[in-house]
Amino acid sequence: MAAPLRLGIAGLGTVGAEVVRLIESEGRTLAARCGRSVRVAAVTARSKAKKRGIDLAGIAWANSPLELANNPDIDCLVELVGGAGEPALSAIEAALKSGKSVVTANKALIAKHGVRLAQAAEKHGGALNFEAAVGAAIPVIKTLREGFAATGVNRVYGILNGTCNYILTRMEQEGLSFAECLKDAQRLGYAEADPSFDVDGHDTAQKLAILASLAFGTKVAERAVYVEGISSIAPEDLRAASDLGYRVKLLGVAVRTAKGIEQRVHPTMVPKSTSIAQVMGVTNAVTIDGEGIPPITLVGPGAGGAATASAVLADIADIARGVRVNPFGRPVDRLRVTEKAPMERHEGGYYIRLMARDLAGTAATIATRLAEQKISIESIVQRHPDGVDENGAAKKASPVPVILITYATSEDAVYRALQAVQRDKVISGRPQVIRIEKN
Ligand SMILES: NC(=O)c1ccc[n+]([C@@H]2O[C@H](COP(=O)([O-])OP(=O)(O)OC[C@H]3O[C@@H](n4cnc5c(N)ncnc54)[C@H](OP(=O)(O)O)[C@@H]3O)[C@@H](O)[C@H]2O)c1
């Protein structure tokens, strides 16, 4: 049997400790599959004294991720510290520059420095594997990079953040507010104390940027992603969506268009009949629309120690087997700069909820403003107002919720029409707008 693959593991938290545990429990299976054993040679974390429920006897301790990366007794650095910068960046760079391979679950770092790190891997011959960075246990990186090696991708989209999907699922099923569901998600450990990174869409954006690069052969560009979070979604939007045959999901969508590549993260209405609409709770899902083949949807756990460690181990297994694939599926000098499609020119259907003032001519004014922008209405629903008198009749002064679904139109046409409606003072408050993704 070949010499063991010697690992240096930086980070022994939720994922790192589970990786150590899995290597211990699955070591024989791994060795049988790879033709070579895998051994943890050295580790590091912030605290050496912390109790972690793992056996570190006989394993060297490094004082920093960088020291670990430079240890000549390891062949592969497993970076599970996290963060878009230090100390992860220098450690990974040092490991790659000395010809070692790297496995990481760090989406923030790959989204920001992926190209630079891929270049170092390519130059010095090591592997840079990051399957766990997107969708944890869902093998979506491998699917795009290897499964779609000879098949063009037109669109990749998915539910990439379990916290947001959990919140939207509870809001829909129980009619609760965003704030109530967020509080529960925090209590159950699905959301951080500062939830903004998740609920404002940035976590999804980092993952989407990585998927877009793999799908379209472009340099990973987090800044090219348009981002909107879920905090403005109200229970009445989910109710109206449901009545109209849709669900609302926070989707990351990367799509090739005639105007360039759109990368966007926003609450999205999807028909209830689609695979992605069936994905509830903290589960993640990614759909890939390949050229000439029906869409493929991968569904599974997108977070958690065990799920993430399973993907980390799969990456380690590839390195043990001697499999080395270009990190973004092609040599770095073949990756193109993303030609960003402007969001104003996005085309699709829209859900619009307006609080129409109970004035003569309101409906006609709204219809005129939409017609001026050549926006056609697929359906219109006037919902029962909140303010009703003792006989169940609408109070005269209460604004009336009006819900419109448009046929495909452009983003700037929708916003021009809504600005005109606001100037006309026939609605109160800000209109709610949710983009629709039909299939
Ligand atoms: N958790 C998930 O479900 C999940 C899913 C997908 C991807 N990921 C990614 O996996 C990575 C690790 O996540 P995690 O949830 O395991 O994080 P975590 O539980 O916070 O663990 C982080 C580990 O890094 C160590 N660390 C932090 N700063 C350090 C420093 N300056 N020097 C040395 N060690 C340091 C910590 O040491 P101490 O223990 O001593 O504090 C801890 O062991 C992140 O990139 C994350 O995005 C996580």
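FYI, side chains are in, hydrogens and waters are out, and symmetry mates aren't considered; it's all heavy atoms of this structure. Just so you know, ligand 1 is whichever comes first in the structure, and atom 1 is the first atom listed for that ligand.
In this structure the side chain of S410 reaches within 4.5 angstrom of the side chain of E347, judged on heavy atoms. No side-chain heavy atom of T268 sits less than 4.5 Å from a side-chain heavy atom of L250. You'll find the side chain of L77 stays beyond 4.5 Å of the side chain of K100, heavy atoms only.
Within ligand 1, counting atoms from 1 as listed, the ones closer than 4.0 Å to a heavy atom of G13 are 16 (O), 19 (O), 21 (O), 23 (C), 42 (C), 43 (O). Atom numbering of ligand 1 starts at 1 in the shown order; those under 4.0 Å from a heavy atom of A132 are 6 (C), 7 (C). Which parts of ligand 1 touch A303 is read off a 4.0 Å heavy-atom cut-off, strictly below it: atoms 3 (O).
Nearest protein heavy-atom contact of atom 38 (P) of ligand 1 is K50 NZ, 3.5 Å. Here the heavy atom of the protein found nearest to atom 47 (O) of ligand 1 is K107 NZ, 3.5 Å. Nearest protein heavy-atom contact of atom 44 (C) of ligand 1 is G82 CA, 3.6 Å. Remark: minimum distance from atom 43 (O) of ligand 1 to any protein heavy atom is reached at L12 N, 2.8 Å. From the protein, the heavy atom lying nearest to atom 10 (O) of ligand 1 is A105 CB, 3.5 Å. At the top of the distance list for atom 3 (O) of ligand 1, counting protein heavy atoms only, stands G304 N, 2.7 Å. Looking only at protein heavy atoms, the nearest one to atom 39 (O) of ligand 1 is R52 NH1, 2.8 Å. Scanning all protein heavy atoms for the shortest distance to atom 25 (C) of ligand 1 gives G11 CA, 4.0 Å.
For L80, the closest heavy-atom approach to ligand 1 falls below 4.0 Å.
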| Derivation and outcome, salt bridge (Lys or Arg N to Asp or Glu O under 4.0 Å), residues E18 and R21 | CA-CA 5 Å; E18 194 57 37; R21 228 171 269 129; 2.6 Å; yes

| task | Go through D184 and R170 one step at a time and tell me if the salt bridge (Lys or Arg N to Asp or Glu O under 4.0 Å) criterion holds. | result | CA-CA 10 Å; D184 266 3; R170 295 251 351 247; 2.7 Å; yes

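A donor-acceptor pair shorter than 3.5 Å can be found between the side chains of K438 and Y246. Side-chain contact check for E180 and S177: at least one donor-acceptor pair (N or O, by modelled atom type) lies under 3.5 Å. In this structure, a donor-acceptor pair under 3.5 Å is absent between the side chains of N106 and T104. Residues E344 and Y415 have side chains that never bring a donor and an acceptor to within less than 3.5 angstrom of each other.
Around atom CZ of R223, no more than 12 heavy atoms belonging to other residues, nucleotides or ligands sit under 6.0 Å away.
Within a 4.0 Å radius of atom 31 (N) of ligand 1, the protein contributes at least one heavy atom. Note that atom 16 (O) of ligand 1 has protein non-hydrogen atoms nearby, at separations under 4.0 angstrom.
For the salt bridge (Lys or Arg N to Asp or Glu O under 4.0 Å) test with D318, the passing option among R145, R324, R36, K142 is K142; the others fail. Between E437 and the options R155, K249, M269, a side chain to side chain contact (heavy atoms under 4.5 Å, CB included) holds for only R155.
Heavy-atom proximity to atom 29 (C) of ligand 1, evaluated over V134, V15, V81, I110, is greatest for V81. Across the listed options T14, V282, D203, T14 owns the non-hydrogen atom lying nearest to atom 19 (O) of ligand 1.
Only side-chain heavy atoms of T308 come within less than 4.0 Å of ligand 1; its backbone N, CA, C and O stay farther off. The proximity of P65 to ligand 1, defined as any non-hydrogen pair under 4.0 Å, is limited to the side chain. Contact annotation: for P87 versus ligand 1, heavy atoms closer than 4.0 Å belong to the side chain alone.
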